*Asks:* 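Dropping a structure here in structure tokens format, bear with me for questions.
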Number of protein chains: 2
Amino acid sequence: MKRKPSTEATSAWIRLMRVQSRVLDCVEQDLKKAGFPPLAWYDALLELSRAPSGELRPVELERQMLIPQYSTSRLIDRLVDEGLASRRECKIDKRGQFVEITEAGRELQKRMWGAYSAAIEKYVGSKLSDADAVKLSGLLDRLGCSCGEMKLPPVAQANANTNETSPSR
Amino acid sequence: MKRKPSTEATSAWIRLMRVQSRVLDCVEQDLKKAGFPPLAWYDALLELSRAPSGELRPVELERQMLIPQYSTSRLIDRLVDEGLASRRECKIDKRGQFVEITEAGRELQKRMWGAYSAAIEKYVGSKLSDADAVKLSGLLDRLGCSCGEMKLPPVAQANANTNETSPSR
DNA sequence: TCAAGATTGATGCACCTGCATCAAATGGGG
DNA sequence: CCCCATTTGATGCAGGTGCATCAATCTTGA
């Protein structure tokens with residue numbers, strides 16, 4: 001049961017690793033050069049701003065962002081430290097809490113989307129036709145599901161047509 | 001000059017980020033569970049083992065692996081600490097040095113390739129036909145070059161047909 | 001009702017990374 | 001020949017991540 005991967009598969013693997021890290025680097029660099037915090041902050045702010053009343057349980061955020069629990073916990077710490085979100089206790093479950101995005105948080109999210117969307121266009125959009133982007137998405141999707149177990153909840157749909165919303169990573 | 005990315009491009013971006021990180025995680029997990037060190041070690045050992053006499057200047061390694069200088073420096077530290085490589089002074093340029101892979105290093109690289117190739121097959125090869133893998137590679141290549149400036153030196157060609165060699169990330 | 005187990009969130013530790021900077025050595029132009 | 005810019009490699013520091021574990025609370029089932 002140890003079939004070797006084909007050269008084609010191996011080559012795709014290498015490119016997937018290389019290209020992703022290069023493109024991500026470029027985008028993160030652009031954001032940083034524009035004076036913005038890391039993309040993870042954007043993702044969190046976006047999830048929060050999308051939530052019904054601008055607040056989520058950390059556990060929800062964790063599931064949306066597909067990052068580990070402790071990582072969520074500390075990300076929230078940083079957001080709170082910067083005044084971008086605030087913690088609120090949860091009356092019905094005293095273990096838990098709510099994290100609520102602040103006005104500053106909403107505003108930063110919107111400003112970041114300007115730089116972020118420009119970077120996506122620069123490093124992805126301008127390199128591929130829409131048709132090719134769709135092909136690429138399709139091929140990637142075939143890899144994405146079921147690593148070990150899969151559960152992609154109703155996670156972050158892209159939604160860039162209304163010219164105000166924005167994607168998450 | 002701030003054209004917004006299409007939904008298609010944005011969606012491809014999101015998937016690129018998500019899928020890569022999931023697949024990479026899976027592969028790294030498999031390696032770790034098999035008791036092996038991180039993939040970066042493998043990449044370094046592979047580059048060294050491929051070099052003419054099993055040794056490279058750190059600068060070369062850095063260029064091959066596309067990682068920053070300090071990262072190379074510390075990776076070499078760890079390899080040396082574990083007896084997988086050794087530093088040799090460079091007579092002709094006293095600033096520099098050579099890093100030479102040891103027998104243990106060569107052996108580890110080969111053993112890792114067993115687990116590594118199995119993981120590639122499991123998470124990539126088995127999910128795509130060879131034809132689709134080629135399509136994916138092609139689409140990714142269109143993104144990969146020229147982030148800022150590009151220089152992909154004669155970097156790591158995939159070469160899994162001879163059943164003993166192996167790829168780098 | 002109550003003890004055992006599950007869930008929620010925080011945190012100490014080790015390690016890894018990026019950034020800035022350093023020292024040593026080289027090499028080239030005046 | 002000498003000074004200065006460049007190349008090569010190391011390292012202190014701040015921050016981020018994974019792992020293990022903890023305390024508090026909730027839930028379940030006997």
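Side-chain atoms are counted along with the backbone in the values below, which use heavy atoms only and exclude waters and symmetry mates. As the structure is a prediction and not an experimental result, all values here were calculated from the model. Below, chains carry the letters A, B, ... as their sequence lines are ordered, and counting in each starts from 1.
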*Asks:* In residues 70-92 of chain A, which ones come under 4.0 Å of DNA chain C, going by heavy atoms?
*Replies:*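 Contacts with DNA chain C under 4.0 Å: Tyr70(A), Ser73(A), Arg74(A), Arg87(A).
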*Asks:* Quick one: is dA10(C) close enough that its OP1 or OP2 comes under 4.0 Å of any side-chain N or O from Gln97(A)?
*Replies:*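 Yes, Gln97(A) has a side-chain N/O under 4.0 Å of OP1/OP2 on dA10(C).
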*Asks:* So which one's nearest nucleotide on DNA chain C is more toward 5', Arg57(A) or Asp93(B)?
*Replies:*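 Final value for this comparison: Arg57(A).
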*Asks:* Side chains of Leu140(A) and Leu16(A), heavy atoms from C-beta outward: is any pair under 4.5 Å?
*Replies:*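 The answer is yes; the side chains approach within 4.5 Å.
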*Asks:* Can you check the Phe98(B) CZ to dG9(D) C1' distance for me, whole Å?
*Replies:*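 For the pair Phe98(B) CZ and dG9(D) C1', the rounded distance is 14 Å.
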*Asks:* Determine, stepwise, if the pair Lys94(B) / Glu89(B) fulfils salt bridge (charged side-chain N to carboxylate O under 4.0 Å, His left out).
*Replies:* CA-CA 7 Å; Lys94(B) 280 190 204 136; Glu89(B) 75 164 316; over 6 Å; no
*Asks:* Check the pair Asp93(B), Arg57(B) against salt bridge (charged side-chain N to carboxylate O under 4.0 Å, His left out), reporting the backbone distance first and the verdict last.
*Replies:* CA-CA 11 Å; Asp93(B) 182 343; Arg57(B) 301 284 299 262; 3.8 Å; yes
*Asks:* Please report, rounded to the nearest Å, how far the C1' atom of dC19(D) is from the CD atom of Glu28(B).
*Replies:*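 In whole Å, dC19(D) C1' and Glu28(B) CD are 15 Å from each other.
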*Asks:* On DNA chain D, does the nearest nucleotide to Arg95(A) precede the nearest nucleotide to Gln69(A) from the 5' side, or the other way round? Give the residue.
*Replies:*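 It is Gln69(A) whose nearest nucleotide is closer to the 5' end.
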*Asks:* Side chains of Leu56(A) and Leu48(A): does their closest heavy-atom pair fall under 4.5 Å?
*Replies:*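 Yes; the side chains approach each other to less than 4.5 Å.
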*Asks:* For residues 69-81 of chain A, pull every pair meeting side-chain hydrogen bond (donor to acceptor under 3.5 Å, both in side chains), keeping only residues two or more places apart or in separate chains.
*Replies:*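 Every pair satisfying side-chain hydrogen bond (donor to acceptor under 3.5 Å, both in side chains) with a residue in residues 69-81 of chain A: Asp77(A)-Arg87(A).
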*Asks:* Using heavy-atom distances to pick each residue's nearest nucleotide on DNA chain C, tell me which of Lys32(A) and Glu60(A) is more 5'.
*Replies:*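 With Glu60(A) and Lys32(A) compared, the 5'-side residue is Glu60(A).
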*Asks:* Compare all side-chain heavy atoms of Val27(B) with those of Trp13(A) and state whether any distance is below 4.5 angstrom.
*Replies:*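 Yes; the side chains approach each other to less than 4.5 Å.
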*Asks:* What is the distance, rounded to the nearest whole Å, between atom CG of Leu61(A) and atom P of dA10(C)?
*Replies:*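 After rounding, the reported distance stands at 12 Å.
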*Asks:* In whole angstroms, how far is the P atom of dG18(C) from the NZ atom of Lys33(A)?
*Replies:*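 Those two atoms, NZ and P, are 16 Å apart.
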